[in-house]
Novice: 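Please see the structure below; I have some questions.
Naming: A, B, ... by sequence-line order, numbering from 1 per chain. Since the model is a prediction, treat every value here as computed from it, not as a measurement.
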There are 6 protein chains.
Amino acid sequence: MANTIIGDNLANIPWQDKPAGCKDVCWRYDNNPVIARNHLPMSNSIFNSALVPFGDGFAGVFRVDSKCREAFIHVGFSKDGINFDISEERIEFNCDIEEVAPMIEGYDPRVCKIDDKYYVTWCNFYHGPTIGIAWTTDFKTFHQSENAFVPCNRNGVMFPRKINGNFAMLSRPSDQGHTTFGDIFYSESPDMTFWGKHRFVMGTQGGWQSKKIGAGPIPIETSEGWLLIYHGVQYSCNGFVYSMGAALLDIDEPWKVIARGKPYILSPQRDYECMGDVPNVTFPCAALTDAATGRIAIYYGCADTCTSIAFCQVDELIDYIKTNSKV
Amino acid sequence: MANTIIGDNLANIPWQDKPAGCKDVCWRYDNNPVIARNHLPMSNSIFNSALVPFGDGFAGVFRVDSKCREAFIHVGFSKDGINFDISEERIEFNCDIEEVAPMIEGYDPRVCKIDDKYYVTWCNFYHGPTIGIAWTTDFKTFHQSENAFVPCNRNGVMFPRKINGNFAMLSRPSDQGHTTFGDIFYSESPDMTFWGKHRFVMGTQGGWQSKKIGAGPIPIETSEGWLLIYHGVQYSCNGFVYSMGAALLDIDEPWKVIARGKPYILSPQRDYECMGDVPNVTFPCAALTDAATGRIAIYYGCADTCTSIAFCQVDELIDYIKTNSKV
Amino acid sequence: MANTIIGDNLANIPWQDKPAGCKDVCWRYDNNPVIARNHLPMSNSIFNSALVPFGDGFAGVFRVDSKCREAFIHVGFSKDGINFDISEERIEFNCDIEEVAPMIEGYDPRVCKIDDKYYVTWCNFYHGPTIGIAWTTDFKTFHQSENAFVPCNRNGVMFPRKINGNFAMLSRPSDQGHTTFGDIFYSESPDMTFWGKHRFVMGTQGGWQSKKIGAGPIPIETSEGWLLIYHGVQYSCNGFVYSMGAALLDIDEPWKVIARGKPYILSPQRDYECMGDVPNVTFPCAALTDAATGRIAIYYGCADTCTSIAFCQVDELIDYIKTNSKV
Amino acid sequence: MANTIIGDNLANIPWQDKPAGCKDVCWRYDNNPVIARNHLPMSNSIFNSALVPFGDGFAGVFRVDSKCREAFIHVGFSKDGINFDISEERIEFNCDIEEVAPMIEGYDPRVCKIDDKYYVTWCNFYHGPTIGIAWTTDFKTFHQSENAFVPCNRNGVMFPRKINGNFAMLSRPSDQGHTTFGDIFYSESPDMTFWGKHRFVMGTQGGWQSKKIGAGPIPIETSEGWLLIYHGVQYSCNGFVYSMGAALLDIDEPWKVIARGKPYILSPQRDYECMGDVPNVTFPCAALTDAATGRIAIYYGCADTCTSIAFCQVDELIDYIKTNSKV
Amino acid sequence: MANTIIGDNLANIPWQDKPAGCKDVCWRYDNNPVIARNHLPMSNSIFNSALVPFGDGFAGVFRVDSKCREAFIHVGFSKDGINFDISEERIEFNCDIEEVAPMIEGYDPRVCKIDDKYYVTWCNFYHGPTIGIAWTTDFKTFHQSENAFVPCNRNGVMFPRKINGNFAMLSRPSDQGHTTFGDIFYSESPDMTFWGKHRFVMGTQGGWQSKKIGAGPIPIETSEGWLLIYHGVQYSCNGFVYSMGAALLDIDEPWKVIARGKPYILSPQRDYECMGDVPNVTFPCAALTDAATGRIAIYYGCADTCTSIAFCQVDELIDYIKTNSKV
Amino acid sequence: MANTIIGDNLANIPWQDKPAGCKDVCWRYDNNPVIARNHLPMSNSIFNSALVPFGDGFAGVFRVDSKCREAFIHVGFSKDGINFDISEERIEFNCDIEEVAPMIEGYDPRVCKIDDKYYVTWCNFYHGPTIGIAWTTDFKTFHQSENAFVPCNRNGVMFPRKINGNFAMLSRPSDQGHTTFGDIFYSESPDMTFWGKHRFVMGTQGGWQSKKIGAGPIPIETSEGWLLIYHGVQYSCNGFVYSMGAALLDIDEPWKVIARGKPYILSPQRDYECMGDVPNVTFPCAALTDAATGRIAIYYGCADTCTSIAFCQVDELIDYIKTNSKV
């Protein structure tokens, strides 16, 4: 295999081989969605959620919208990455910073292991949406720290190790509402409290990613650079369409784009992606990888309603990005 | 039964018991929709319609949009509340007030029996949308009176008896277009011509009811207060989502909210609710009740396209409102 | 004089003859503005204000915006209609209706004598702008009653006597913000509490009155009908322009327009009309008339900043309306 | 048959008789869609496409959106009008006009045979959308000429023969974005380079065609006038809905509307019309006709995603237009 | 003089030498405005008007807005280009094209002599703004021909001679309202009826011309190319600001920009430019030139209210454009 | 004097005593504006500029908009704070951070002395407006460092000493355009590179500060807390109005507001404030103070066109804030 994932071997992630005759670089799990909107008695929808290997299975943070249509983050566990045990109670973050502590809403979480801590980032509300941060070691107790930026900002996604000696995060500055713009920026921090060295990474291009773009799963380290799976948004007269694309970022200077796939790798085409509370959304938030086989399982939210899985092979995806690259 | 409907016994309303395992307070008729969009040869859609007990069955007023996509109100009858005989001709209202008589369009009707008259209210057009009023005793001849308010206003819903010696109505002031705001107000009239004592009842809250709210069926009198089923609207980047909620209003001062259910009781989740001329709409306009059993059958429009029924039990619903109340 | 004002003789109203060579139907007082923006130490601006004969001089209600830029109504007196003694304190209305009593803001008042009471109407705030009402007999104590309509509404202007046995009011339904539409409606009330019989009077036309229109001073009763001076708004790429026009309404059915002057009678052309907090506004709110001579003195707000006077002759104005009428 | 198509007999166009019990003037092919979104490995969607008789079968120009979501025009052929062989490569137009040659994007093509040339018109991009023109005789080589108008314009549809000695075209002036207005205009040209004698044909009406309208297939010449099938757009709070209607234009002065059907003849009601990249779109771009039988097969794009066929009979359709006409 | 005007000697055009110490390339007449808003008894404003040499003086077409605020074109004459005799009646165009004849409104005219005819172009209304055309030989009778383009379009400005054997016109496609975009296009016509060969000339740049641009006076032929004086619009939070700039276009291919001055040559700075019906507008519509001396007198509308003159020297202006060019 | 400025004595700052009879807390210099729009031959306008004591006079950074209407920062000097020598060339910042170095535009600068360095902050453009930072010791060489935040942000204003051991800055997160919202936030940095501990300071209130607010001059340290002079924006139908207000912040926790003056202290009322490129703007950017006398000279931009001075006394201003406080 030419392109190597720099990471652990994880033989137990979900997987299905590509269907015969399929010419796409990315294919769906045939039993999607894996988390239905009514998975919990109190849930209106569960989507845009993230998980990581934990113990002999997986642990995750899940966006659960209640039947009040309020969005909060719940913890959950799974042995196989397909069947989930999600808490009915939202996470209560420990926070001794008086200004930051009140949890008004929280959504679209990501989770990232760095050394021995699991960092959760999410869209937090503090006089506008901004990036909330917390860490845990056991997925029981979560310690909330300072928000990363002044509002408004969304889609804060950390890198899985320090870069240039600092913690590193991608984010997408936004406005208060259904933002009609969005570029990906990179920032660093020596201490997870103070953030700086902000760098522009990439902005919109034509077609499916012409309105705004934002990072999806934690970037995957490979021999070819950081593999970034992200969402792109196109705007029709009938609203936004969220598709998935992929790019390669420089290992040491991740704000430099090595290659960026011009076509999407997956777009809303199935009923559960086209129909729901927000039609036409496929929104990736996590990826499980197995370095031994190059397998990648992408978790993505569907129509802001439920959660599904899609698969790809790291070498095939990287070749696809390079072959179809437009930077 | 702790919570009593103050009204007639009506053994012949449609009913299905709650399905086993269902944890929701409100469940759908399993043969929805009961009125298809092409129910009439000339109809594009039939929805947001209302009915009342009449004779040994039911009579109603139906929003029928033609294949010209013009909206008018048609009369219809049903023996069982499930199979309908709807007129292909729209109602011609008798009106001797020259200013008020021209019927430019009419939609989203409600019907309310007070003493021996059936009052129809609807969204009438008089230099903007406002509340049209007419009464009938036989569902053949309809007498139209003064519009209730200066434009713009929608969703005028009467109470089924006088309050404080006056007729009483809920309404939702609006603008000319696809109004992005909407609170429920209460007004009284000594004579169905002059309206005053306007009171704010309740406004938007978070989540599913964050953009606007409006009264649905005629309020149901109970031992706990007026039971109000209403619609709430949330706004996503892909448009409005109309869900149903419920609240309890004070019997003598109905502008005082006793309890208000924070979660919705039903939201667009089925194909016929998510797909159609206006996707993601569930819009209640009538309720049939049986005091003896506490059964409630709610009639609601789906996706501005067809008409469906949902069921609930009055005591369970009231408990649900109180338990989940946020005022 | 062909056209007679049906009203009192008032020899002491302000007056200047039309300047030689002036071909306009309406001309300005040559010492405008009569009330400067800093007339009071605490005032940012005083405009859109109204007065009536009272005692041996005049009494009035004045929109005073403080240096907090909050708008409230102040009482004031004048011997000659030119020099004013305006209170630094805003009017505290007596109101025993708990819902209505809180005064959040109040602006653009009119005052109208009917029998022995002086009725003040203004843009009141109750979950949106609406028409506040109060009455006084001495300009010391003001008794506030129910708001006339559900929000949103502005520019409520009463008729100076009952019509068809009822009180009568013009108003202009609006939205919450800088409303981009506006027609004049007529409503009646038997008791100043309940309002109904709403009638459309007139809407926008081309040019200077193409965006919205609203009643100005209390209509003036004449042998030719009610003389209505009103504001019309045109919209350029650089904002709204408020001009003044005039129309004649039927005496017994004032929602019927007899004649309506197509040209404006005055538009923003002087520095104090074109420059200020809201440039390009001339906004009439009151008129003093002398039946003996047919003289009319119009009080109008300038640029939302100060207050000025313009003059016209009733017979000349009515001829002008009729000659240039477009209904 | 009372109403005659003035054109060729084409026995091989697709056809299905009207289903028993169907009361509509226009009915769908029962194996729709005929071109799926993933018809080509590289296609995201294929829709809003046109074809004409060619050789012993049909040739066409197809809007193919790639997985980059870029829109271009591809050539294709079919023996039966149902199974298509579409090129994976977009058409490379020959153009020796330097200013006009660069092909930035191209979509929504029509094709029209006049004498021995096939003229392709489409939405071309030249500092904004405008009408691109090219001709071919063999569907291999395409000669691009001057754009018809200054931007912005869309939906240029030619007439199949000269009128008044000039070439003739319908178009719909627009703006740069998701235009919220749109009327149909008629223009002539002596030489396919210079255009003039611009005439207004028809604008929006109520209901399904209240927001904008645009020509669909090449007008069909009949004994009753030009039969124009066109799209009309209605705007709900959840976006645009594109339906199909029909009108008759004067043979010699086609800007004069003889009759215009007030109801739509087809609107988005099936899953493949209501769900896709742009929900609720039915957009006709071509029609095949058989003069001998009066059969018409309409090709229309569905939800900006796939392509379908609907059928009607010319005499029935013309009667329907006349019977339901509102001009 | 290095840069020569290719045109007639006109010793009688208005002129003042540049004031001592003035460092600007363009300076104002010291008795501006030359036409006041109330120049006519019926006028609200006179601006955006054009004139040409005629007989022993000048003739022109003037935008006169009445006190109804309706815009029409009036004819006028002047001996000295400073004192004007403007008709109180609007021009009645002779037009035997039934579709084109109705004059709904007309504004912002230009006038251009080609051979022995004077062509007037203006913003005409035909289902939207478009370019009206008429010609006269005596400024008494005006013959109206076909509109140049399908709507929406404004600022049609002809060249003073044929180019490439065709008539030539600049225009600025627009939308129905206060258009927020605008580039200059070039089109040709063999016969003043059919128009084609549309070419993009230039679009917006930064600063004062960042929102839209449009041609002003008839282009002036010089040894260096066509000298184009045009308006550019910048958008602040308080509306549009219209300034004047200048460019040089290729003589034979005028869509090719040789040089384009990056700074404006005049912007709204005087009271009569900053204050009026539309504050902050300087809008050039005509220029008189004297080949012998290189003098140019520019006529420009001020604040959509009155008309003024500014002066420049052709050689100095061309040098300024070239020195400060950004293409 | 009860309220003491904690700072240097500066006997040479501009000063005029309050005019007799003036009741305002803040009064204008009677020779305003001190910097005219055409102060430099190449300048369209000079405004929103800042200065500090330097040497035996003053040095400053000036927003100069050229006649191209491009905004950059120029250095300037003054002996008396009234007559200025401003460079015609913009500052060339030294910057070795490749990402940050390109200067696309720069405006609305502030300057703040901390220890022995003068820090300049301004609205910089880096994929949107954000806070640029540079320092100088001699006003000749300027060293540019990292931008403070991810875009979009404006009005970054530093504190004149470290707080809690960190550098401290106020800022106003915004959007890309003419932002319609704006609250003041506080952030800290240990090193002028990494920023965090973001705190909400204060948001909009009613009236003149109802749309957005932003810090003005460097906060003035006093015995009562940090004295903050800021701008507030109100929105009328004719655009934004920028006024000046003042507040007191806690010395050690400056995000805690001690007192906040509800009235403005100065609003646009003079010709040079009401008329210009952006009418109705008074925008403070700097203040010179003399601890010995408590004198404050405020420099503010007028109508985005020129620069003026206003005066106040520290003790009077603080008393005014406290007396009229609304927090």
Novice: Of all the heavy-atom pairs spanning E:Y235 and F:H178, show the shortest one and how long it is.
Specialist: O-NE2, 3.0 Å

Novice: Counting C-beta onward and ignoring hydrogens, is there a side-chain heavy-atom pair between F:N38 and E:Q269 closer than 4.5 Å?
Specialist: yes

Novice: Checking E:N238 side chain against F:N280 main chain: does a donor-acceptor pair fall under 3.5 Å?
Specialist: no

Novice: If you define the side chain from C-beta out and look only at heavy atoms, does anything of E:K23 sit under 4.5 Å from F:M42?
Specialist: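 Not touching, per the 4.5 Å side-chain cut-off.
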
Novice: Could you give the distance from CZ (F:R69) to NZ (E:K262), rounded to the nearest 0.5 Å?
Specialist: 13.0 Å

Novice: Looking at CZ of E:R270 and CE of F:M275, how far apart are the two atoms once the value is rounded to the nearest 0.5 Å?
Specialist: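 Between atom CZ of E:R270 and atom CE of F:M275 there are 11.0 Å.
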
Novice: Just give me the residue among E:D271, E:I265, E:N324, E:V241 that pairs up with chain F most often, heavy atom to heavy atom, under 4.5 Å.
Specialist: E:D271

Novice: Looking at F:D304, F:D277, F:N44, which has the largest count of heavy-atom pairs under 4.5 Å with chain E?
Specialist: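 Result: the option with the highest number of such pairs is F:N44.
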
Novice: Report yes if the side chains of F:R37 and E:S267 come closer than 4.5 Å at any heavy-atom pair, otherwise no.
Specialist: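 SC-SC contact between F:R37 and E:S267 confirmed.
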
Novice: Name the member of F:G239, F:C68, F:S66 that forms the most heavy-atom pairs with chain E at distances under 4.5 Å.
Specialist: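 Heavy-atom pair counts peak at F:C68.
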
Novice: How long is the straight-line distance from CG of E:D24 back to NZ of F:K67, given to the nearest 0.5 Å?
Specialist: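 CG of E:D24 is found 3.5 Å from NZ of F:K67.
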
